[in-house]
There are 2 protein chains.
Amino acid sequence: MRIGELSRRTGIPVRMLRYYEERGLLTPERAPSGYRRYAEADVDRATLVSSLIRSGLPTRLILPLLRDPYGPVAGGTPGDEGGEMVALFTAELARLDDRIACMSLSRDAVRRHLRLRRARARAER
Amino acid sequence: MRIGELSRRTGIPVRMLRYYEERGLLTPERAPSGYRRYAEADVDRATLVSSLIRSGLPTRLILPLLRDPYGPVAGGTPGDEGGEMVALFTAELARLDDRIACMSLSRDAVRRHLRLRRARARAER
DNA sequence: CTTGACTCTCACATCGATGTGAGACTTTAC
DNA sequence: GTAAAGTCTCACATCGATGTGAGAGTCAAG
């Protein structure tokens with residue numbers, strides 16, 4: 001499928017799909033015309049990438065994370081001394097846990113606030 | 001207390017504490033010298049602000065959210081037709097829920113990946 | 001008083017994620 | 001074949017959160 005359809009099906013702006021490619025996270029074939037041709041599997045992949053990015057994962061971590069399930073890293077990315085990457089991902093995991101906790105708090109705060117506003121709105125009627 | 005101490009006690013960079021003030025989220029007194037003087041309560045407040053911001057809440061929503069518990073909005077902020085704010089906060093709540101879900105997924109992905117890497121590292125020994 | 005640590009303001013730099021517009025080519029529908 | 005819609009690349013713009021440095025004043029300890 002072409003980029004427009006993928007965009008429609010994933011809800012991800014065309015601009016971002018191209019951006020993912022620039023980052024090496026999505027690597028569509030090219031038609032002779034130069035148009036990108038995405039595989040069916042890219043629907044899921046793009047969605048995952050989008051999720052990861054929206055979660056604040058740096059794209060340079062997303063790549064190894066994605067590549068992995070599709071074949072072991074076989075000696076590792078150049079410059080990747082196993083331990084280093086493990087440390088990076090561990091840190092990222094901590095960051096995620098932290099942020100999730102923090103967002104849960106925020107959500108509660110917003111929820112509380114919303115209830116307050118609604119109550120007030122009701123009272124004013 | 002002065003800004004440095006608040007920074008130490010909250011872990012928030014001095015720069016950010018000033019930024020919060022610029023955004024109207026924290027409004028310390030000023031000593032005659034011009035130095036900011038923070039109240040004890042600002043430790044909590046700054047922490048909350050930091051959480052909210054890290055959660056991606058736009059600062060313009062944080063202000064009304066914070067002000068509220070400290071005295072009802074009394075007619076509302078100028079230009080705030082209740083309903084509008086409620087809509088904004090509702091949208092924000094949805095966004096938060098969405099992001100939390102999305103980050104949970106990401107966390108699981110990272111966790112899985114981390115286990116994989118560790119297993120591989122063990123295998124190589 | 002002097003010095004070192006703090007603080008002030010201001011302004012510019014950066015960084016990642018996005019938007020946007022220009023100019024040119026491709027595909028599709030008629 | 002023509003027009004409309006889609007796509008391409010490139011490059012510049014924006015936006016929020018931060019960093020950073022300059023130049024000047026303040027505070028506390030000796």
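Once rounded to the nearest 0.5 Å, the distance linking CG of B:Leu17 with OG1 of B:Thr10 reads 5.0 Å. Between the CG atom of B:Asp108 and the NE2 atom of B:His113 there is a distance of 14.5 Å, given to the nearest 0.5 Å.
Separating the OH atom of A:Tyr38 from the C1' atom of D:dG6 is a distance of 13 Å, rounded to the nearest angstrom. If you take CZ of B:Arg8 and C1' of C:dA5, they are 10 Å apart, rounded to a whole angstrom. As a whole-Å value, the separation of A:Ile12 CD1 from C:dA17 C1' is 13 Å. The interatomic distance linking B:Glu5 (CD) with C:dA5 (P) rounds to 18 Å, in whole Å. Residue A:Arg37 contributes atom CZ, which lies 14 Å from atom C1' of D:dT7 at whole-angstrom precision. A:Leu57 places its CG atom 14 Å from the P atom of C:dG16, with the value rounded to the nearest Å.
Near-neighbour residues of DNA chain D inside residues 16-35 of chain B, defined by a heavy atom below 4.0 Å, number-ordered: B:Met16, B:Tyr19, B:Ser33, B:Tyr35.
Using a 4.0 Å cut-off between charged nitrogen and carboxylate oxygen, A:Glu22 and A:Arg18 do not count as a salt-bridge pair. By the 4.0 Å N-to-carboxylate-O rule, A:Arg37 lies too far from A:Glu5 to be salt-bridged with it. Electrostatic pairing of B:Arg45 and B:Glu40 does not count as a salt bridge here, judged by no charged N lying under 4.0 Å from a carboxylate O.
Along DNA chain D, the nucleotide nearest B:Arg2 and the nucleotide nearest A:Gly4 are compared for position; the residue whose nucleotide lies closer to the 5' end is A:Gly4. Nearer the 5' end of DNA chain C, as judged by each residue's closest nucleotide, is the contact made by B:Val14, out of A:Arg60 and B:Val14.
Annotation: B:Arg60, atom CZ; neighbour count of heavy atoms from other residues, nucleotides and ligands within 6.0 Å does not exceed 12.
Close to D:dC8, at under 4.0 Å from its OP1 or OP2, lies a side-chain N or O of A:Arg36.
Within the nucleic acid shown, A:Pro58 has no heavy atom closer than 4.0 Å to any nucleic acid atom.
On a pure distance criterion of 3.5 Å, a polar donor-acceptor pair joins the side chain of B:Arg15 and the base of D:dG19.
A donor atom on one side chain and an acceptor atom on the other are not found under 3.5 Å apart for A:Thr27 and A:Arg36.
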